[in-house]
Amino acid sequence: MQMLDFPPADWQASLKNAVTDPAELLQLLRLPEIFLEPAKRAETLFPLRAPREFIARMKPGDSEDPLLKQILPLDLEFYDKPGFTTDPLAEAEARPSPGVVHKYRDRVLLILSGACAINCRYCFRRHFPYAENQLGGDSWQEALSYIGENPSVNEVIFSGGDPLVTTDRRLARMLDDLEKIPHLERLRIHTRLPVVIPSRMTPALIKRLSDSRLSSLIVLHINHPQEIDSALIKALSPLKAAGITLLNQAVLLRGINDTPEVQIQLSRKLLSAGVLPYYLFLFDPVKGASHFDIPVDEAQQIAASMQRALPGYLMPRLAKEIPGRDSKTLILPQGNFSP
């Protein structure tokens with residue numbers, strides 16, 4: 001395969017320049033200091049991190065801004081609600097080797113990095129032991145051997161953290177190795193980075209994905225229509241032109257996107273950006289984020305209203321991930337569960 005050039009990228013500067021100080025965040029958004037001390041306390045549980053490009057989409061002076069509420073640390077995170085754990089999806093039981101998660105028969109998830117461009121307060125991996133799951137050197141070879149010895153695996157999922165904090169050069173090397181495994185057919189990348197730093201979608205990365213023998217899919221994580229702006233639409237356009245499938249998965253979050261109106265607008269705006277709705281997840285019960293949770297019956301009512309307003313191709317599948325099951329659990333708007 002032709003060697004690609006990987007010049008320094010602006011997205012890496014944006015990554016380094018992310019806001020990590022609650023005082024600076026409040027100052028940028030002209031918010032009162034009453035939020036400062038709670039934010040300082042809660043960031044000891046999970047650090048604040050937000051790219052300036054994402055903050056620029058927030059409304060100054062609005063403490064109820066749906067993007068702000070996804071990243072602002074709150075005292076509510078200290079509430080220890082029963083049933084909310086540090087490993088809500090029981091991933092510790094599905095790691096055959098460091099950095100490898102194998103829950104479903106035909107696909108394997110690889111933890112490429114423990115870092116993210118943005119720390120979402122509701123993240124189900126906010127307590128994940130990334131230090132024990134570094135993929136590199138021997139652990140990378142061990143992961144390749146595991147995949148190679150399991151012919152039922154036909155898809156690899158790059159995850160994290162966020163896999164796209166990894167450089168284009170390292171991603172290309174990893175893809176080179178995976179392409180040598182004959183039974184692999186698809187590469188899926190789960191990422192929020194193009195949403196919060198659109199310049200991440202570099203020409204070199206897009207070319208490498210489009211040149212691969214593996215079919216490439218990118219699953220974005222967009223929770224609110226306000227996250228979709230002209231910069232994101234422009235960044236996604238070359239991916240569509242390269243034939244890379246773009247999907248979105250969102251999480252239902254209390255006080256952020258828990259109305260039919262917001263969800264309907266999100267589905268329509270996703271289509272305008274060339275992205276198809278994929279999943280709408282019920283909240284994973286992670287410790288420190290129970291204030292985002294929404295009951296199943298309320299989620300079903302939201303989904304029923306969406307179904308009445310949207311064509312089928314714009315209706316994401318309402319689902320919940322339940323540990324130990326061999327697939328996602330689909331939840332029907334009518335109130336019935338489908339395994």
Side-chain angles (χ1 to χ4, degrees), residues 1-4 6 89 91 93-114 125 128 130 133-194 200-221 236 238-249 275-276 278-279 317 319 321 325-328:
M1 180 173 291
Q2 180 182 0
M3 293 297 292
L4 298 177
F6 299 99
L89 303 186
E91 291 184 316
E93 302 171 8
R95 296 203 300 269
S97 66
V100 177
V101 179
H102 191 184
K103 293 189 293 186
Y104 305 132
R105 182 175 181 271
D106 65 344
R107 50 207 183 273
V108 163
L109 185 147
L110 300 178
I111 304 291
L112 266 60
S113 172
R125 287 202 183 115
F128 191 85
Y130 290 110
N133 287 276
Q134 300 295 321
L135 276 178
D138 291 344
S139 61
W140 175 241
Q141 293 304 316
E142 190 175 348
L144 291 172
S145 295
Y146 179 82
I147 296 169
E149 293 166 2
N150 284 272
S152 61
V153 173
N154 55 40
E155 180 173 8
V156 165
I157 300 170
F158 283 174
S159 185
D162 195 308
L164 291 191
V165 301
T166 301
T167 65
D168 288 348
R169 189 181 301 276
R170 180 176 180 238
L171 287 167
R173 288 198 303 265
M174 298 176 107
L175 193 47
D176 289 343
D177 290 339
L178 291 170
E179 287 170 336
K180 296 173 186 175
I181 301 175
H183 52 264
L184 286 183
E185 300 173 6
R186 293 181 303 280
L187 171 69
R188 196 191 325 170
I189 300 174
H190 282 216
T191 180
R192 189 146 164 77
L193 217 154
R200 176 60 189 98
M201 302 318 300
T202 61
L205 175 60
I206 295 169
K207 178 170 173 52
R208 182 62 188 88
L209 293 175
S210 65
D211 286 346
S212 177
R213 75 163 186 83
L214 303 178
S215 299
S216 295
L217 303 91
I218 293 180
V219 181
L220 301 167
H221 179 184
L236 297 181
L239 290 164
K240 293 187 294 179
I244 297 169
T245 300
L246 300 177
L247 303 170
N248 185 65
Q249 58 183 29
V275 183
L276 281 178
Y278 176 35
Y279 277 123
R317 289 177 288 179
E321 190 159 354
R325 295 200 175 183
D326 56 7
S327 67
K328 304 289 192 299

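Heavy atoms only: backbone and side chains are in, while hydrogens, waters and symmetry mates are out.
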Undergrad: Of the non-hydrogen atoms in Ile111 and Leu135, which two are nearest, and what is the gap between them?
TA: O-CD1, 3.5 Å

Undergrad: Side-chain contact test, heavy atoms from C-beta onward, threshold under 4.5 Å: evaluate it for His190 versus Ile157 and give yes or no.
TA: yes

Undergrad: Check whether any side-chain heavy atom of Leu164 sits under 4.5 Å from a side-chain heavy atom of Leu205, and report yes or no.
TA: yes

Undergrad: I'd like to check Arg188 versus Arg107 (side-chain heavy atoms, cut-off strictly below 4.5 Å). Are they in contact?
TA: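 Counting from C-beta outward, Arg188 and Arg107 do come under 4.5 Å.
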
Undergrad: Who pairs with Pro151 by side-chain contact (heavy atoms from CB on, under 4.5 Å), at least two apart in sequence or on another chain?
TA: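 Counting only residues at least two positions away or on another chain, Pro151 forms a side-chain contact (heavy atoms from CB on, under 4.5 Å) with His183.
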
Undergrad: Which atom names give the shortest non-hydrogen contact between Leu110 and Ala143, and what distance separates them?
TA: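 Reported closest heavy-atom pair: CD2-CB, 4.4 Å.
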
Undergrad: Taking only residues two or more places apart in sequence or in another chain, which ones pass salt bridge (Lys or Arg N to Asp or Glu O under 4.0 Å) with Arg186?
TA: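 Partners of Arg186 under the salt bridge (Lys or Arg N to Asp or Glu O under 4.0 Å) test: Glu155.
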
Undergrad: Under the side-chain contact (heavy atoms from CB on, under 4.5 Å) test, which residues partner Ala242, sequence neighbours left out?
TA: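 For Ala242, the residues satisfying side-chain contact (heavy atoms from CB on, under 4.5 Å) (neighbours in sequence not counted) are Ile206, Ser210, Ile244.
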
Undergrad: For Phe128, what residues pass the ring-ring contact (aromatic ring centres under 6.0 Å, His included) criterion, not counting sequence neighbours?
TA: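 Checked Phe128 against ring-ring contact (aromatic ring centres under 6.0 Å, His included); matches are Tyr130.
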
Undergrad: Would you say the side-chain atoms of Asp162 pair up with the backbone N or O of Arg192, donor to acceptor, closer than 3.5 Å?
TA: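 Checking the backbone N and O of Arg192 against the side chain of Asp162, a donor-acceptor pair under 3.5 Å is found.
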
Undergrad: Hey, could you give me the OG1/CZ distance between Thr166 and Phe158, rounded to the nearest 0.5 Å?
TA: 8.5 Å

Undergrad: With Arg200, which residues qualify under side-chain hydrogen bond (donor to acceptor under 3.5 Å, both in side chains), at least two apart?
TA: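 In terms of side-chain hydrogen bond (donor to acceptor under 3.5 Å, both in side chains), with neighbours along the sequence ignored, Arg200 is linked to Asp168.
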
Undergrad: Do Met174 and Leu112 have side-chain heavy atoms sitting under 4.5 Å apart?
TA: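 Yes; the side chains approach each other to less than 4.5 Å.
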
Undergrad: Could you work out, with ring-ring contact (aromatic ring centres under 6.0 Å, His included) as the rule, every residue matching His221, not counting sequence neighbours?
TA: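 Result, ring-ring contact (aromatic ring centres under 6.0 Å, His included) vs His221: Tyr122.
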
Undergrad: So how far is it from Trp140 CH2 to Arg170 CZ, rounded to the nearest 0.5 Å?
TA: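 Answer for the CH2-CZ pair, Trp140 versus Arg170, is 7.5 Å.
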
Undergrad: Do Ile181 and Val153 come within less than 4.5 Å of each other through their side chains, counting heavy atoms only?
TA: no

Undergrad: With sequence neighbours left out, write down each residue that passes side-chain hydrogen bond (donor to acceptor under 3.5 Å, both in side chains) with Asn150, or none if nothing qualifies.
TA: none

Undergrad: Kindly compute the distance separating OG1 (Thr202) from NZ (Lys207), expressed to the nearest 0.5 Å.
TA: 12.5 Å

Undergrad: For the CG atom of Leu217 and the OG1 atom of Thr245, what is their distance to the nearest 0.5 Å?
TA: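 Here the interatomic distance stands at 4.5 Å.
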
Undergrad: Taking only residues two or more places apart in sequence or in another chain, which ones pass side-chain hydrogen bond (donor to acceptor under 3.5 Å, both in side chains) with Ser216?
TA: none

Undergrad: With side chains defined as the heavy atoms from C-beta onward, is the minimum distance between Ile218 and Leu209 less than 4.5 Å?
TA: yes

Undergrad: Applying side-chain hydrogen bond (donor to acceptor under 3.5 Å, both in side chains), name anything that partners Ser159, two or more places apart in sequence or on another chain.
TA: Arg125

Undergrad: For Tyr104, give me all partners under ring-ring contact (aromatic ring centres under 6.0 Å, His included), at least two apart in sequence or on another chain.
TA: none

Undergrad: Return the set of residues passing side-chain contact (heavy atoms from CB on, under 4.5 Å) with Arg105 (not counting sequence neighbours), or none when no residue passes.
TA: Ser152

Undergrad: To the nearest 0.5 angstrom, please state how far the CG atom of Leu220 sits from the CD atom of Gln249.
TA: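 Here the rounded value is 9.5 Å.
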
Undergrad: For the atom pair CG (Leu171) and CZ (Arg208), what is the distance rounded to the nearest 0.5 Å?
TA: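 One finds 10.0 Å between CG of Leu171 and CZ of Arg208.
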
Undergrad: Sort and list the pairs that fulfil salt bridge (Lys or Arg N to Asp or Glu O under 4.0 Å) and have at least one residue in residues 135-154, not counting sequence neighbours.
TA: none

